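Proteins come first, then strands; the chains are lettered A, B, ... in the order of their sequence lines, and each starts at number 1. Computed from a predicted model, the values in this text were never measured in an experiment.
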Amino acid sequence: MGNFDPTRLRPLPREFFDRDPRKVARDLLGKVLVRRERGRLLAARVVETEAYLGTEDPAAHAFAGPTERNRVLFGPPGHAYVYFIYGNHHCLNVSCEPEGMAGCVLFRALEPLQGESAMAKARGLAAPEPAAVQARPGLLRHLTSGPGRLAEAFGITRPRDNGKDLTSAENDLFLADDGAGKMKIESSARVGITKAAERRLRFYVEGNAFVSGKRVESSK
DNA sequence: TTATAGATTGCCT
DNA sequence: GGCAATCTATAAT
């Protein structure tokens, strides 16, 4: 966890996303979301995802077919689908499967690797003091634990990022592999939905403190 | 044209 | 644990 080297980042190829979203959601765990802006690098490891299966999935935005809002989902794989929800929050997805099929993966939680101060600023929080973080690692959890939170930390909005190709390091937002090893993966029902809620399409890194929906470490 | 639910979060009791 | 905030897409008038 402690040894992140930005020079090892390699963008994920288009083929990575040209598959069943359940496979992509699982394989994205351990990969890195990267934002570059003004010479600064934000990076965070993917630790929680959810798969949405397109027109066959009642919980998916693509269920009713293509609309202006969701058309990115029906396009080529590896592109950002960003939507605005509850009047407050943006959420980031990546399109999967070949053009014409609308599967996607929602990013639910990340573990910050680099640029924590900028993330805190974007979230309207005080910059985390290294000493305080040392004492209570749970402080960083508020930065990127939850789909709305991680989008805010990375400055992700629909006008700015919807439709962006996430497979190109030329872009200011992309997904990469930094060579990190495999992690133990768990699955569960998806969070916050009412339709098709029984399907176990949520995937997360077992035991990772940044997975959403868990209590912050009590004391120890 | 109006109503309502929504792939959430944070603050209040 | 409850609920308001605040915009959008879609359903209902």
Pair A/Lys164, A/Asp172 - check salt bridge (Lys or Arg N to Asp or Glu O under 4.0 Å), show working. CA-CA 9 Å; A/Lys164 199 168 278 182; A/Asp172 64 349; 2.8 Å; yes

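- Nucleic acid contact for A/Tyr86: base, since at least one base atom lies under 4.0 Å from a heavy atom of the residue.
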What's the verdict on salt bridge (Lys or Arg N to Asp or Glu O under 4.0 Å) for A/Asp177 and A/Arg8, showing C-alpha distance, side-chain angles and the deciding distance? CA-CA 8 Å; A/Asp177 190 341; A/Arg8 296 176 66 181; over 6 Å; no

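- Under the 3.5 Å distance criterion, the side-chain polar atoms of A/Asn208 are left unmatched by any main-chain donor or acceptor of A/Val47.
- The CZ atom of A/Arg10 sits 12.0 Å away from atom CG of A/Leu12, with the distance rounded to the nearest 0.5 Å.
- Using atom C1' as the reference point in both C/dC3 and B/dA5, the two lie 16 Å apart (nearest Å).
- The stretch residues 90-133 of chain A participates, sequence neighbours left out, in these ring-ring contact (aromatic ring centres under 6.0 Å, His included) pairs: A/Phe84-A/His90.
- Among residues two or more places apart in sequence or in another chain, the side chain to side chain donor-acceptor pair (under 3.5 Å) test is passed with A/Arg158 by none.
- With sequence neighbours left out, A/Glu37 forms a side-chain contact (heavy atoms from CB on, under 4.5 Å) with A/Arg35, A/Arg40, A/Leu42, A/Arg160.
- Listed by first residue number, the stems of DNA chain B with at least three Watson-Crick or G-U pairs below 3.5 Å are B:1-6 with C:7-12, B:8-12 with C:1-5.
- Distance alone, capped at 3.5 Å, is enough to place a donor-acceptor pair between the A/Glu97 side chain and the A/Gly103 backbone.
- Within residues 147-166 of chain A, no residue is approached by DNA chain C to less than 4.0 Å at the level of any non-hydrogen atom.
- A salt bridge does not link A/Lys31 with A/Asp178: none of the charged nitrogens is closer than 4.0 Å to a carboxylate oxygen.
- Residues of residues 64-79 of chain A having a heavy atom closer than 4.0 Å to DNA chain B: none are found.
- Residues meeting the side chain to side chain donor-acceptor pair (under 3.5 Å) test with A/Asp20, sequence neighbours left out: A/Arg22.
- Note that the first and last nucleotides of DNA chain B, 5' to 3', having any atom under 4.0 angstrom from a heavy atom of chain A are B/dG6 to B/dG10.
- At distances below 3.5 Å, not a single donor-acceptor pair connects side-chain atoms of A/Arg36 with backbone N or O atoms of A/Leu173.
- Running 5' to 3' along DNA chain C, contacts with non-hydrogen atoms of chain A at under 4.0 Å begin and end at C/dA5 to C/dT10.
- A heavy atom closer than 4.0 Å to some atom of DNA chain C occurs in A/Asn88, these being the qualifying members of residues 88-100 of chain A.
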Given the rule in the side-chain hydrogen bond (donor to acceptor under 3.5 Å, both in side chains) test, do A/Arg149 and A/Thr144 qualify, once you have shown the distances and angles that lead to the verdict? CA-CA 5 Å; A/Arg149 289 171 175 171; A/Thr144 52; over 6 Å; no

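- Residue A/Arg202 is out of contact with every strand shown, counting any heavy-atom pair closer than 4.0 Å.
- Remark: side-chain polar atoms of A/Glu50 are paired, donor with acceptor, to backbone N or O of A/Val191 under 3.5 angstrom.
- Evaluation of the side chain to side chain donor-acceptor pair (under 3.5 Å) rule for A/Thr7 yields A/Asp5 as partners, not counting sequence neighbours.
- For A/Tyr81, the ring pair (Phe, Tyr, Trp, His ring centres under 6.0 Å) criterion is met by A/His61, A/Tyr83, not counting sequence neighbours.
- In this structure a side-chain-to-backbone donor-acceptor pair under 3.5 Å is present from A/Thr49 to A/Ala25.
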